[in-house]
Amino acid sequence: MAPLSASPFRLALRPSSSPMRMRLRLTRASHSGPPREKPDTPPVPGPVPISGPAPAPLPLWQRLGPLTRAAEAYSHSQRVRPYLTQFVSALVIYFCADISAQRISGKPYEPGRTVRGVFIGTLAAIPYYRWMLYLSHSFNYSSRWLSVAARIFVNQTLLPPFFNSYFFGMQALLSGETLEAAVERIKNTVPISLINSWKFWPLVNAVSFLFIPVEHRAVFANIISIGWQTYLSFLNRQAETEQHAHPLPSSKLVEIDAKATEMLPAPSAST
């Protein structure tokens, strides 16, 4: 039989209603002494002391709630399926851009123009994405500002002349214009678009290269591109309207008039 001190129970004598009788009751023995009183309210934990400097606050773009979550979801998709993400992004950008351009012009909506714009944009989506990747990983100098300046200069020197010529030329060809008319469209639109590109994109690219993380640069550039493509679509629409009002430039008209005059029969001496 185990000794009484090792048993988890103890015998307690409790008087009954009769003074001559005693009742036995088993109670669980407490090994930690008498029971403690429970506090009325749980203790409130105080602030945990942090050693070292205070953590830096998050950037503004990480504290925008739903916008931040949407940007992070887009960046995740960009990392997992970059080409598909760029293709779908081009669909949205050029669709919204053409709709905005047609609304600005105040003329009736033409679905064919939107289809042409979306086709042109999606065809150039992957090459444009590869070009921006090349810029992000090239021209890495010891000075960060020098690297950014080199990327902006190379981008503005090479990309806008090629892309704008492609955009306006394809717009003319897909709308049924001749090759000569497409060349004329390029001459009428590309120079002014290049001037405005130098006014607009260097600042946008500087902000992107300096302050936007690499994984968020695509969504930042695509949002800005909606406004820029709206401008290009509007400029193309204006040039198309002018070409239809004046099918040939004045120099061509003079040349045709001279050739027609040479083909006329010379007046006879009798007349």
Side-chain angles (χ1 to χ4, degrees), residues 59 61-62 64 66-101 111-140 147-148 150-175 182 186 190 193-194 197 200-233 235-236:
W61 59 269
Q62 290 186 347
L64 297 179
L67 294 179
T68 300
R69 290 191 291 271
E72 291 175 350
Y74 183 94
S75 300
H76 175 74
S77 176
Q78 178 70 38
R79 290 190 298 269
V80 177
R81 300 179 181 87
Y83 294 140
L84 179 61
T85 303
Q86 289 301 311
F87 184 82
V88 175
S89 299
L91 287 175
V92 176
I93 290 170
Y94 284 85
F95 177 81
C96 296
D98 190 79
I99 294 294
S100 301
R113 296 181 61 86
T114 303
V115 173
R116 291 197 301 269
V118 169
F119 175 78
I120 292 170
T122 53
L123 199 62
I126 304 304
Y128 175 77
Y129 170 68
R130 297 296 302 179
W131 169 254
M132 296 307 296
L133 279 182
Y134 167 75
L135 285 181
S136 298
H137 296 92
S138 304
F139 309 102
N140 298 312
S147 302
V148 171
R151 292 168 186 168
I152 292 174
F153 178 79
V154 173
N155 181 70
Q156 286 298 125
T157 304
L158 299 179
L159 181 63
F162 177 79
F163 177 80
N164 292 3
S165 300
Y166 157 79
F167 178 83
F168 293 116
M170 287 292 291
Q171 285 281 5
L173 293 176
L174 292 179
S175 61
I186 292 173
V190 170
S193 67
L194 292 181
S197 175
F200 179 76
W201 279 108
L203 179 60
V204 174
N205 289 330
V207 172
S208 177
F209 288 131
L210 288 173
F211 304 109
I212 306 299
V214 176
E215 64 271 14
H216 293 93
R217 286 177 185 171
V219 63
F220 175 76
N222 287 337
I223 292 174
I224 302 298
S225 295
I226 295 178
W228 178 251
Q229 295 303 326
T230 299
Y231 163 73
L232 292 184
S233 299
L235 184 61
N236 176 76

From Ile224 atom CD1 to Ile93 atom CD1, the distance as rounded to the nearest 0.5 Å | 10.5 Å
Heavy-atom nearest pair, Gly121 first then Ala90, reads O-CB, 3.9 Å
Exam field: side chain Ser197 to backbone Ser193, donor-acceptor pair closer than 3.5 Å | no
side-chain contact (heavy atoms from CB on, under 4.5 Å) assessment of Phe87 paired with Arg81 = CA-CA 10 Å; Phe87 184 82; Arg81 300 179 181 87; over 6 Å; no
Which is it for Asn140 and Arg151 under the side-chain contact (heavy atoms from CB on, under 4.5 Å) test, yes or no, and what are the steps along the way?
-> CA-CA 9 Å; Asn140 298 312; Arg151 292 168 186 168; 2.5 Å; yes
Between atom CD of Gln171 and atom CG of Asp98, what is the distance when rounded to the nearest 0.5 Å?
-> 7.0 Å
Count the heavy atoms of every other residue, nucleotide or ligand shown that sit under 6.0 Å from CZ of Phe200, and state whether that count exceeds 12.
-> yes
Close side-chain approach of Pro202 and Phe153, heavy atoms under 4.5 Å | no
Can you check side-chain contact (heavy atoms from CB on, under 4.5 Å) on Ile152 and Trp201, steps first, answer last?
-> CA-CA 8 Å; Ile152 292 174; Trp201 279 108; over 6 Å; no
Minimum heavy-atom distance Thr230-Ala97, with the two atoms named = OG1-CA, 3.3 Å
Check: Thr85 main-chain N/O paired with Ser77 side-chain donor or acceptor under 3.5 Å = no
Got Pro161 and Leu194 here, is their nearest side-chain heavy-atom distance under 4.5 Å?
-> yes
Going through the checks in order, is the side-chain contact (heavy atoms from CB on, under 4.5 Å) test met by Phe163 and Leu232?
-> CA-CA 11 Å; Phe163 177 80; Leu232 292 184; 4.2 Å; yes
List for me each residue that meets salt bridge (charged side-chain N to carboxylate O under 4.0 Å, His left out) alongside Arg116, sequence neighbours excluded, and say none if there are none.
-> none
Quick one: are the ring centres of Tyr128 and Trp131 less than 6.0 Å apart?
-> no
So do Leu123 and Tyr166 actually touch side chain to side chain, heavy atoms under 4.5 Å?
-> yes
Determine the minimum heavy-atom distance between Ile186 and Ser165, stating which atoms define it.
-> CD1-O, 3.6 Å
Euclidean distance, Leu203 CG relative to Ser208 OG, rounded to 0.5 Å | 11.0 Å
Whether over 12 other heavy atoms sit under 6.0 Å from Phe119 CZ = no
Interatomic spacing from CG in Asn205 to CE in Met132 - rounded to 0.5 Å | 5.5 Å
Once the angle between the rings of Phe167 and Tyr94 is folded into 0 to 90°, is it parallel (under 30°), tilted (30 to 60°) or perpendicular (over 60°)?
-> tilted
When you measure from the side chain of Ser138 to the backbone N and O of Leu135, does any donor-acceptor pair fall under 3.5 Å?
-> no
For Phe95, does the CZ atom sit with more than 12 other heavy atoms under 6.0 Å from it, leaving out its own atoms?
-> no
Once you round to the nearest 0.5 Å, how far does OG of Ser233 lie from CZ of Phe168?
-> 8.0 Å
